[in-house]
Number of protein chains: 2
Amino acid sequence: MPSPRPRRRNAAPPPRRRDAVATRKAILASARRAFARAGYDGVGLREIAAAAGVTAMMVGRYFGSKEELFAEVVADTMRDPVILSPENLAAPDFAAALTKAMVAVTAPGATPLDGFLILLHSASSPRAAEIGREWISRGHQATLESLVEGPWQVERAGLFLALVAGLQVIRQMVEIPSLAEAKPAVLEKLLKPIVRLLVEQGNGSVG
Amino acid sequence: MPSPRPRRRNAAPPPRRRDAVATRKAILASARRAFARAGYDGVGLREIAAAAGVTAMMVGRYFGSKEELFAEVVADTMRDPVILSPENLAAPDFAAALTKAMVAVTAPGATPLDGFLILLHSASSPRAAEIGREWISRGHQATLESLVEGPWQVERAGLFLALVAGLQVIRQMVEIPSLAEAKPAVLEKLLKPIVRLLVEQGNGSVG
DNA sequence: GTCTATAGAAAGATAGAC
DNA sequence: GTCTATCTTTCTATAGAC
């Protein structure tokens with residue numbers, strides 16, 4: 001065997017196609033879509049990689065493991081809140097603004113709130129649930145507690161989170177027609193007084 | 001090899017230990033616990049079988065497949081509702097009764113509502129989600145629609161379901177401390193007016 | 001009726017060529 | 001930096017002994 005490797009010159013190794021940062025970004029975006037749709041256990045690294053245009057091995061190379069990839073995706077989606085956004089919090093009637101945003105982002109097919117959705121779909125994995133608990137507790141729960149007026153801020157902030165989670169479960173995850181096909185205006189009308197009860201003052205004398 | 005099978009007489013084949021109905025019941029109970037804890041994808045047939053004291057093969061023998069076993073477990077848990085129980089529906093102040101039940105069954109560690117919990121944990125499996133959607137739509141949603149007074153029964157019934165689902169997500173699945181460690185009395189006090197808004201009449205003029 | 005043993009597919013992770 | 005190929009484990013489902 002005189003020439004075992006006659007393919008190419010040794011001087012100019014061809015840099016395949018894409019650079020590192022673009023590949024990493026593509027994998028992250030693909031993983032975000034896949035986890036939101038099928039959850040941590042419901043999707044494989046091969047599938048994520050294929051949708052990103054690379055092979056499964058690249059995922060391990062860039063993120064170490066599936067779990068680390070998941071953690072990064074969650075961090076990415078939780079970074080800028082869409083319901084508790086600065087604009088909504090600064091609105092004159094922020095209960096109304098929160099309600100409107102809540103209905104919009106939990107619409108079937110809507111993806112802006114996929115951070116929450118990823119957690120809901122992935123809660124069967126203990127490790128995934130723990131990652132999500134950290135983000136919600138230290139992020140959204142804390143924001144809400146400082147926002148809610150009146151007594152029992154902690155509990156009322158938690159109930160607000162429960163309401164958002166429940167809407168997402170019924171409308172996006174299980175897709176029960178009663179809410180999945182409901183008109184946004186109707187939902188807003190029904191939800192607004194509930195949100196008011198939770199975030200505005202004057203709820204200490206009920207019951 | 002003169003006597004290849006000298007173990008036992010051929011006249012009295014020993015019926016191992018348990019009868020069919022007891023084994024089936026044990027498998028069903030084990031599967032219910034396992035699915036509630038880890039979801040459809042999060043648990044294997046081996047684990048379910050081991051907790052029931054049998055081998056994985058028996059599960060296939062009694063239920064055909066994992067999916068059929070799951071469907072039977074869901075049917076079993078959905079059969080008698082614990083929040084929408086006849087007693088609660090017949091209570092003088094049924095909004096208060098529903099609220100109390102809602103807080104009780106979504107307490108961390110509580111398992112009476114594991115039908116819902118199983119679905120939440122299993123929603124990443126498309127087939128499991130579909131099984132759950134059928135039960136909720138035709139069962140609880142229908143019951144609620146006939147119970148709710150006033151306009152928009154469909155949407156308000158759905159919102160009630162969303163509230164229960166959200167409580168279960170936050171308190172049992174993700175276990176956010178704000179609600180998981182909250183006093184039941186506080187939660188009842190905060191939730192009662194919300195439940196009233198949803199199930200009692202007179203909510204057509206808000207907004 | 002219950003078991004051991006295994007087939008066949010798919011998962012995550014890794015080695016090594018180029 | 002990217003690939004093909006493979007290791008190891010784990011899953012569901014099934015065949016066959018007793």
Side-chain angles (χ1 to χ4, degrees), chain A residues 1 3-27 30-31 34-35 38-71 73 122 124-125 127-128, chain B residues 1 3-27 30-31 34-35 38-71 73 122 124-125 127-128:
Chain A
M1 281 127 89
S3 61
R5 204 167 28 63
R7 291 277 182 82
R8 240 175 247 274
R9 310 297 295 272
N10 210 358
R16 194 71 181 129
R17 196 172 354 188
R18 288 180 261 192
D19 58 323
V21 33
T23 300
R24 186 188 165 88
K25 207 172 162 184
I27 294 174
S30 168
F35 284 141
Y40 185 81
D41 286 331
V43 68
L45 290 182
R46 284 170 177 79
E47 187 181 342
I48 292 175
V54 297
T55 62
M57 199 226 146
M58 299 308 296
V59 180
R61 185 159 185 85
Y62 278 96
F63 297 92
S65 67
K66 186 184 186 181
E67 187 177 304
E68 291 174 87
L69 169 65
F70 182 81
V73 168
S122 305
S124 47
S125 282
R127 187 74 190 94
Chain B
M1 280 127 89
S3 60
R5 204 172 20 67
R7 289 276 181 83
R8 237 176 249 273
R9 311 298 296 271
N10 210 358
R16 194 69 182 130
R17 196 170 354 186
R18 287 180 261 193
D19 58 323
V21 32
T23 300
R24 186 188 165 88
K25 207 171 162 184
I27 294 173
S30 169
F35 283 141
Y40 185 80
D41 285 332
V43 69
L45 291 181
R46 285 171 178 78
E47 188 180 342
I48 293 174
V54 297
T55 62
M57 198 228 143
M58 300 307 295
V59 180
R61 186 158 184 85
Y62 278 96
F63 296 92
S65 68
K66 187 184 186 181
E67 187 176 304
E68 292 174 87
L69 169 64
F70 181 82
V73 167
S122 305
S124 47
S125 281
R127 187 73 191 95

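- A:E47 places its CD atom 10 Å from the P atom of C:dG12, with the value rounded to the nearest Å.
- Of all non-hydrogen atoms in B:A52 and B:A26, the two that sit nearest each other are CB-O, 3.6 Å.
- B:Y62 comes within 4.0 angstrom of the backbone, heavy atoms only, and of no base.
- Closest to the side chain of A:M58, from the set C:dA13, D:dC3, D:dA13, is D:dC3.
- Relative ring orientation between B:Y40 and B:F35 is described as parallel, the plane-to-plane angle staying below 30° on a 0-90° scale split at 30° and 60°.
- Between B:F63 atom CZ and D:dA13 atom C1' the separation is 16 Å, expressed in whole Å.
- Distances shown here put a side-chain N or O of B:T23 below 4.0 Å from the OP1 or OP2 atom of C:dT2.
- Rounded to a whole Å, the CG atom of A:L45 is 13 Å from the C1' atom of C:dT14.
- Listed nucleotides: C:dT2, D:dA13, C:dG12. Nearest to the side chain of A:K66: C:dG12.
- The side chain of A:A20 lies closest to D:dG1, out of C:dC3, D:dT6, D:dG1.
- Proximity note for B:R61 (side chain, C-beta onward) versus D:dG1, C:dG1, D:dT6: the nearest is C:dG1.
- As a whole-Å value, the separation of B:F70 CZ from D:dA13 C1' is 19 Å.
- In terms of heavy atoms, A:G42 sits closest to B:D41 at CA-OD2, 4.5 Å.
- Here the P atom of nucleotide C:dA11 and the CD atom of A:E67 are 18 Å apart, to the nearest Å.
- Each of A:T55 and B:Y40 was assigned the nucleotide of DNA chain D with the nearest heavy atom; the assignment lying further toward the 5' end belongs to A:T55.
- In this structure, CD1 of A:I48 is placed 14 Å from C1' of C:dA13, rounded to the nearest angstrom.
- Within 4.0 Å of A:V43, counting heavy atoms only, lie sugar-phosphate atoms of the nucleic acid but no base atom.
- Listed here is the closest heavy atom pair of A:V59 and A:A49: CG2-CB, 3.9 Å.
- Atom-to-atom, CZ of A:R46 to C1' of D:dC3 comes out at 14 Å; the value is rounded to the nearest Å.
- What you find for A:A31 and A:V73 is that their closest heavy atoms are CB-CG2, 3.8 Å.
- Take the nearest nucleotide of DNA chain C for A:M57 and for A:G44: the residue whose nucleotide is more 5' is A:G44.
- Separating the CG atom of A:D41 from the P atom of D:dT10 is a distance of 15 Å, rounded to the nearest angstrom.
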